[in-house]
Amino acid sequence: MLEIKLVRENLERVKTAMENRGTAIDWNAFLKHDSRRKKVLSELEELRRQRNRVSDQVAEMKRNGENADSIIEKMRDVSTTIRGLEKELSEYEAAIDEMVMTIPNIPHDTVPVGKDETDNPVVNLVGEPPSFDHKPLPHWTIGEQLGILDFARAAKITGARFPLYLGAGAGLERALINFMLDLHTQEHGYREVLPPFIVNRHTMTGTGQLPKFEEDLFKLEGLDYFLIPTAEVPVTNIHQGEVIDASRLPIAYTTCTPCFRSEAGSYGKDTRGLIRQHQFNKVELVKFSRPETSYDELESLLDNAETVLNRLELPYRVITLCTGDIGFSAAKTYDIEVWMPSQDVYREISSCSNFEDFQARRANIRFKEKGKKGTRLVHTLNGSGLAVGRTLAALLENFQQPDGSVAIPKALQPYLGGLKRIESY
RNA sequence: GGAGAGGUGGCCGAGCGGCUGAAGGCCCCGCUCUCGAAAAGCGGUAUCCUGCCAAAAGUGGGAUCGUGGGUUCGAAUCCCACCCUCUCCGCCA
């Protein structure tokens, strides 16, 4: 959520930002509601002032044992008028609120202007795509041949876009999770958490998934609860409504949770394999930072995520999302894309964003400095460190061997009991 | 699921329908004392909206005591609904 004052006072800047994003906003309606709200508010406040004065008078008279009936009678009408204006005001406020809640964040100055993903500049290219004598197989074929992935049975159990890992596949997923969490907690200074996987509407609104993107979520029937689409939601909301002591900042959390996405509107895309699933595991990095240092924190968060790929010896590149491709709540986002040999492309495996105070305003997360007056909103950041299913897919594809087995990178071997390659079951 | 207790500022906690934006304490800030610190004393210290002002400062007004309704000239205080926390009982991995 943007600050309404900022919108009002920097309308041209906000307009430009929204144009760069390709987001259409009905500014006229916004301004109309805003000016009406102001008018009603000042009328209302004048009447309330009157009422407060008279109430004091009544109190005074009653204390002196005088009769106040005539004034009370007069105030009855004023009270009715106040009630009417209050109703009108709350209607304007609701309308404005609804609009403000659907306005996305303003991209940071360093975010390149562009219309879609084709305009995202590559900022870093790491590692060499492996060369193969044969045409590299897609990970789903490798996984099925090795007997470690079984999409047909998963479909039988639930439906399309669900995974079933077996044997060394399940072990590999678990090894990746442990490897990533150990790396972030032991070397990068994150504190491990394990949050609820189901959250309420208020929490979903705090991080920006609601009200605009309800169709992307799985909702529990009969309850106002949702399955989390990312750990960002419950972990950022850990400090919802809190005032954090400035000396504790920055706060860094890591977690691994399943993520549930309806993938509405993605019919026909990535229909095979682990790339686009309704349920997948993701290790997440979340930070709460002072505004002054949040962009440094973004760089280090990105570096922490990249370290996972470096240790796993996977080739990847980093791109900056342009204004037309950046997410609703983010002010700046880097995507890390891993090399997928079977498709001959880089695929997103991590998204690292600074939300500045956009989420903090919605979720009311502030900090206070000793000796200073008032509270300020924190900046929130998060990034995948990494999407586990996609990492597993990338491993299978990049480390596939001519004999059909898959080699295990050194960093991961201790997590698999020393296993050096996965062979057919 | 049943019974009870409770949600008040950065934190703890008091609060009779009107003199309570809210006692008292802690934290923090300033001053006094001190070579300095501690202790002690004095003073200050919530947030948001809005008018005046170019702006800051200042000053005027309004709102805010879990959330939303209601009663009333007037609600932290009374009534209703919901949310959350705690205790006991039941069930249960």
Side-chain angles (χ1 to χ4, degrees), chain A residues 1-10 30-31 33-101 194-206 210-211 219-220 222-226 234 237-249 251 288 290 357 360-378:
Chain A
M1 181 168 64
L2 296 177
E3 191 180 15
I4 187 156
K5 216 191 301 182
L6 179 131
V7 176
R8 200 187 294 135
E9 290 171 8
N10 302 280
F30 172 81
L31 293 170
H33 282 118
D34 190 47
S35 69
R36 280 192 189 154
R37 184 193 77 97
K38 258 187 156 172
K39 192 162 154 279
V40 172
L41 182 64
S42 62
E43 257 174 76
L44 178 62
E45 290 194 342
E46 179 53 35
L47 287 177
R48 290 211 268 225
R49 178 191 182 192
Q50 236 184 75
R51 185 182 68 184
N52 287 345
R53 287 207 173 155
V54 174
S55 287
D56 284 348
Q57 236 178 304
V58 171
E60 176 83 33
M61 290 171 85
K62 293 231 160 161
R63 244 173 288 135
N64 296 335
E66 298 170 35
N67 186 311
D69 288 356
S70 64
I71 319 186
I72 288 175
E73 188 54 46
K74 248 194 286 179
M75 287 318 287
R76 227 165 242 150
D77 289 343
V78 176
S79 258
T80 309
T81 314
I82 286 178
R83 227 160 291 171
L85 286 176
E86 277 174 346
K87 203 175 157 226
E88 202 179 330
L89 180 70
S90 74
E91 276 161 16
Y92 289 137
E93 283 184 336
I96 290 168
D97 226 48
E98 208 184 305
M99 297 193 72
V100 171
M101 291 299 263
L194 186 57
F197 304 157
I198 297 173
V199 301
N200 60 34
R201 179 173 293 273
H202 187 241
T203 291
M204 270 306 176
T205 307
L210 291 178
K219 186 172 189 304
L220 298 202
L223 290 168
D224 215 14
Y225 288 170
F226 302 84
N237 277 285
I238 286 175
H239 296 295
Q240 165 198 128
E242 293 185 11
V243 178
I244 300 167
D245 192 313
S247 66
R248 287 184 56 209
L249 296 175
I251 294 172
F288 301 83
R290 305 174 52 98
D357 62 13
R361 183 171 295 107
R362 289 178 163 233
N364 193 21
I365 308 170
R366 296 168 292 163
F367 72 100
K368 182 171 167 56
E369 271 171 289
K370 265 199 187 5
K372 286 208 180 154
K373 234 187 109 168
T375 57
R376 296 165 65 199
L377 294 167
V378 301

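A, B, ... follow the sequence lines: proteins, then strands. Residue 1 opens every chain.
A distance of about 35 Å separates the P atoms of B:C27 and B:C84, rounded to the whole Å. Atom name C1', nucleotides B:C83 and B:U67: the rounded distance is 7 Å, in whole Å. Comparing B:U85 with B:U8, their C1' atoms sit 15 Å apart, to the nearest whole Å. A distance of about 25 Å separates the P atoms of B:A76 and B:G51, rounded to the whole Å. Across B:A14 and B:C65, the matching C1' atoms stand 13 Å from one another, rounded to whole Å. Taking atom P on both nucleotides, B:G62 is separated from B:G66 by 22 Å, rounded to a whole Å. One P atom belongs to B:G60, the other to B:G6, and the distance between them is 39 Å to the nearest Å. Of the P atoms belonging to B:G24 and B:C42, the separation is 12 Å, rounded to the nearest Å.
What separates CG of A:Asn364 from P of B:G9 is a distance of 13 Å, to the nearest Å. Counting to the nearest Å, the P atom of B:C84 and the CG atom of A:Leu223 are 10 Å from each other. The distance between atom CD of A:Glu46 and atom P of B:C52, rounded to the nearest whole Å, is 14 Å. Here B:C83 presents its P atom at 17 Å from CD of A:Gln240, a figure rounded to the nearest Å. Following rounding to the nearest Å, A:Asn200 (CG) and B:C84 (P) show an atom-to-atom distance of 8 Å. Straight-line distance from the CZ atom of A:Arg49 to the P atom of B:G61: 6 Å, rounded to whole Å. Rounding to whole angstrom units, CD of residue A:Glu93 and P of B:C48 are separated by 16 Å. Summarising the geometry, the separation between CG on A:Asp245 and P on B:C26 is reported as 19 Å, rounded to the nearest angstrom.
A:Thr203 places no side-chain N or O within 3.5 Å of a backbone atom of A:Val199 that could act as its donor or acceptor partner. A donor-acceptor pair under 3.5 Å links the side-chain atoms of A:Arg362 to the main chain of A:Met101, judged by distance alone.
The side chain to side chain donor-acceptor pair (under 3.5 Å) check on A:Glu242 picks up A:His239, with sequence neighbours excluded.
The side chain of A:Val243 lies closest to B:G10, out of B:C49, B:C19, B:G10. When distances are taken from the side chain of A:Lys368 to each of B:A63, B:G10, B:U50, the shortest belongs to B:G10.
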List the atom pairs, donor and acceptor, that lie under 3.5 Å between side-chain atoms in residues 53-70 of chain A and the rest of the protein, sequence neighbours left out.
residue: A:Ser55; atom: OG; partner: A:Arg51; partner atom: O; Å: 3.0
residue: A:Asn64; atom: ND2; partner: A:Glu60; partner atom: O; Å: 3.4
residue: A:Asn67; atom: OD1; partner: A:Asp69; partner atom: N; Å: 2.7

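Using a 4.0 Å heavy-atom distance criterion, A:Arg366 is classed as making no nucleic acid contact. Using a 4.0 Å heavy-atom criterion, one finds that A:Arg361 contacts no nucleic acid atom at all. Counting any heavy atom pair closer than 4.0 Å across all strands shown, A:Tyr225 reaches sugar-phosphate atoms only and no base atom.
Closest approach of A:Ala363 and A:Asn237 over heavy atoms only: CB-OD1, 3.9 Å.
Counting only residues at least two apart or on different chains, the side-chain hydrogen bond (donor to acceptor under 3.5 Å, both in side chains) pairs with a member in residues 74-85 of chain A are A:Glu73-A:Arg76.
Taking a pair as Watson-Crick or G-U wobble with both distances under 3.5 Å, RNA chain B forms stems of 3 or more consecutive pairs at B:1-7 with B:83-89, B:10-12 with B:24-26, B:28-32 with B:40-44, B:46-52 with B:58-64, B:66-70 with B:78-82.
Within the 4.0 Å cut-off from OP1 or OP2 of B:U50, at least one side-chain nitrogen or oxygen of A:Arg37 is found. Residue A:Arg8 places at least one side-chain N or O closer than 4.0 Å to OP1 or OP2 of B:U50.
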Taking it one step at a time, do A:Arg376 and A:Asp357 satisfy salt bridge (Lys or Arg N to Asp or Glu O under 4.0 Å)?
CA-CA 9 Å; A:Arg376 296 165 65 199; A:Asp357 62 13; over 6 Å; no
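No side-chain heavy atom of A:Asn364 sits under 4.5 Å from any side-chain heavy atom of A:Gln240. Under the 4.5 Å side-chain criterion, counting only non-hydrogen atoms from C-beta, A:Phe30 is in contact with A:Ile96.
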Tabulate atom names and distances for all N/O pairs under 3.5 angstrom spanning the protein and nucleotides 72-75 of chain B.
residue: B:C73; atom: OP1; partner: A:Arg76; partner atom: NE; Å: 2.8
residue: B:C73; atom: OP1; partner: A:Arg76; partner atom: NH2; Å: 2.3
residue: B:C73; atom: O4'; partner: A:Ile72; partner atom: O; Å: 3.4
residue: B:C73; atom: O3'; partner: A:Ser79; partner atom: OG; Å: 2.8
residue: B:G74; atom: OP1; partner: A:Ser79; partner atom: OG; Å: 2.6
residue: B:G74; atom: O4'; partner: A:Ser55; partner atom: OG; Å: 3.3

Grab the N/O contacts between the protein and nucleotides 76-82 of chain B below 3.5 Å, and write none if there aren't any.
none

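Environment of CD in A:Glu98: sparse, with no more than 12 heavy atoms of neighbouring residues, nucleotides or ligands closer than 6.0 Å.
Between A:Ala59 and A:Ser42, the residue anchored closer to the 5' end of RNA chain B is A:Ala59, taking for each the nucleotide with the nearest heavy atom.
In this structure, A:Lys368 does not pair ionically with A:Asp245, as no charged nitrogen and carboxylate oxygen lie closer than 4.0 Å.
No donor-acceptor contact under 3.5 angstrom links the side chains of A:Glu93 and A:His33, judged on distance only.
The only option from A:Glu86, A:Lys39, A:Glu88, A:Arg49 that meets the side-chain contact (heavy atoms from CB on, under 4.5 Å) definition with A:Leu44 turns out to be A:Glu86.
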